[in-house]
2 protein chains.
Amino acid sequence: MQDLEKILENNNVKPTAMRLLVLQFLLDKKVAISLTDVENYFDKSDRTTLYRTLQTFVKSELAHKIEDGTGIPKYALCEENCHCEIDNDLHLHFRCTNCNETVCITDYKIPTISLPKGYIAEDVNLVVKGICDKCSHN
Amino acid sequence: MQDLEKILENNNVKPTAMRLLVLQFLLDKKVAISLTDVENYFDKSDRTTLYRTLQTFVKSELAHKIEDGTGIPKYALCEENCHCEIDNDLHLHFRCTNCNETVCITDYKIPTISLPKGYIAEDVNLVVKGICDKCSHN
DNA sequence: ATGAAGAATGCAACGGAAGTGCATTAATTA
DNA sequence: TAATTAATGCACTTCCGTTGCATTCTTCAT
Ligand SMILES: [Mn+2]
Ligand SMILES: [Mn+2]
Ligand SMILES: [Zn+2]
Ligand SMILES: [Zn+2]
């Protein structure tokens, strides 16, 4: 698919070979992935490059970083026209304790959270832990 | 305060010297604390002991472990009669990006989250990131 | 009281993963 | 084509959780 290059260019990211491969990997995987996941998949390539590739993707709003409670950051591609804004784009994440996968539940946006006086919300992270779709029905 | 011993005993934790000290520390601090925080405060004592003390507190439902998105687990004392149950006890946590403190907002319980079919929720983690009380009004 | 069993503690080492500095290579642009 | 800039690769560091094992302390039965 040559659309890959366009995806990157649309976000002002130069389409290098490695970036195209990582982007493809993210597109194929329907779950959130860690740096180690990418590293294991592309065991030829260097960890730092992959690390910085993910950083670049996040900075350019192509992907978002997910803190799922494991302490290991995960990454997933953003949806079309996502700017990771607190009132529009933030969705719920689900981490399965069985298969250990973390997925974006993009259909379930995070509701506006009310806070005590004085607190200013800039970002909201909602992670539900439990048994996922696949793991529950068998 | 001699109540400390009772607190521990009520949760079936033997009141050793170190545990009493850590418990006092948790009571004094009104914010969630990390293992490193405890370690720095009790710079005499050993890291492992403090680590296991916190583990013990969590296992005995005296404290809860907080994943605030930093990747560094924090700990805070539970409220009275808390069993960290998904529909009763879970509350919102706030992490200030200015003073870098994480606090329990125990007054704001986490609402029931609806999920797509097949998903079973066992735990919910809601962390709001932003500017806290103290840091905003000055 | 005394010795054995168990629990808590302290020490040392390990391992995973993020992050940084710097040299090297590739791509742009003048 | 030379110079500048960006991307990559390698080595190394740091941080922190975790574990194994020896040692000390506590509890309890004899
Ligand atoms: Mn997501
Ligand atoms: Mn809390
Ligand atoms: Zn699963
Ligand atoms: Zn603050």
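Lettering of chains follows the sequences in order, A, B, ..., and the numbering in each one begins at 1.
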Close approaches to DNA chain D from residues 29-39 of chain A, in residue order (heavy atom, under 4.0 Å):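 Close to the strand, none.
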
Close approaches to DNA chain C from residues 42-59 of chain B, in residue order (heavy atom, under 4.0 Å):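 Going residue by residue through residues 42-59 of chain B, the ones with a heavy atom under 4.0 Å of DNA chain C turn out to be Ser45(B), Asp46(B), Thr48(B), Thr49(B), Arg52(B).
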
Qualifying side-chain hydrogen bond (donor to acceptor under 3.5 Å, both in side chains) pairs, either residue in residues 68-81 of chain A, two or more places apart: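 Those involving residues 68-81 of chain A are Asp68(A)-Thr70(A), Asp68(A)-Lys74(A), Asp68(A)-Thr102(A), Glu79(A)-Lys109(A).
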
Pairs where residues 123-134 of chain A contributes a residue and the test side-chain hydrogen bond (donor to acceptor under 3.5 Å, both in side chains) is met, not counting sequence neighbours: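 Applying side-chain hydrogen bond (donor to acceptor under 3.5 Å, both in side chains) to every pair that reaches into residues 123-134 of chain A, excluding sequence neighbours, yields nothing.
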
Can you check the [X] [atom1] to [N] [atom2] distance for me, whole Å?
X: Met18(B); N: dC11(C); atom1: CE; atom2: C1'; answer: 16 Å
X: Asn40(A); N: dA17(C); atom1: CG; atom2: C1'; answer: 12 Å
X: Ile72(A); N: dA17(C); atom1: CD1; atom2: P; answer: 5 Å
X: Leu8(A); N: dA7(D); atom1: CG; atom2: P; answer: 12 Å

Validation row: Thr53(B), Thr16(B) side chains within 4.5 angstrom (heavy atoms):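 Contact flag for Thr53(B)/Thr16(B) side chains = no.
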
Separation between CD1 of Ile120(B) and SG of Cys96(A), rounded to the nearest 0.5 Å: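 Rounded to the nearest 0.5 Å, the CD1-SG separation comes out at 9.0 Å.
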
Residues clustering with Val127(A) (ILVMFWY side chains joined when closer than 4.5 Å, directly or via others):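 Its cluster mates, by chain and number: none.
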
Under the side-chain hydrogen bond (donor to acceptor under 3.5 Å, both in side chains) test, residues paired with Asn88(B) that sit two or more places apart: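 Testing Asn88(B) for side-chain hydrogen bond (donor to acceptor under 3.5 Å, both in side chains), a comparison that skips the adjacent residues, returns Glu85(B).
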
side-chain hydrogen bond (donor to acceptor under 3.5 Å, both in side chains) against Thr48(B), all qualifying residues, sequence neighbours excluded: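 Per chain and number, Thr48(B) pairs via side-chain hydrogen bond (donor to acceptor under 3.5 Å, both in side chains) with Asp46(B).
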
Upstream residue (5' side of DNA chain D) when Gly71(B) and Val13(A) are each assigned their closest nucleotide: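 So the residue in question is Val13(A).
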
Contacts table for residues 54-62 of chain B: side-chain donor-acceptor under 3.5 angstrom, sequence neighbours left out:
unit_1: Gln55(B); atom_1: NE2; unit_2: Tyr51(B); atom_2: OH; d: 2.8
unit_1: Thr56(B); atom_1: OG1; unit_2: Arg52(B); atom_2: O; d: 2.7
unit_1: Ser60(B); atom_1: OG; unit_2: Thr56(B); atom_2: O; d: 2.8
unit_1: Ser60(B); atom_1: OG; unit_2: Phe57(B); atom_2: O; d: 3.2
unit_1: Glu61(B); atom_1: OE1; unit_2: His83(B); atom_2: ND1; d: 2.8

Pairs involving residues 5-49 of chain B, ordered by first then second residue, that meet ring-ring contact (aromatic ring centres under 6.0 Å, His included) (sequence neighbours left out):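 Residue pairs passing ring-ring contact (aromatic ring centres under 6.0 Å, His included), neighbours aside: Phe25(B)-Tyr41(B), Phe25(B)-Phe42(B).
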
Qualifying ring-ring contact (aromatic ring centres under 6.0 Å, His included) pairs with a residue from residues 108-138 of chain A, counting only residues at least two apart or across chains: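 Sorted result for residues 108-138 of chain A: Tyr119(A)-Phe94(B).
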
Distances under 3.5 Å between nitrogen or oxygen atoms of protein and nucleotides 25-30 of chain C:
none

Pairs touching residues 16-41 of chain B that satisfy salt bridge (Lys or Arg N to Asp or Glu O under 4.0 Å), sequence neighbours left out: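 Every salt bridge (Lys or Arg N to Asp or Glu O under 4.0 Å) pair that includes a residue of residues 16-41 of chain B, provided the two are not neighbours, is Glu39(B)-Arg47(B).
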
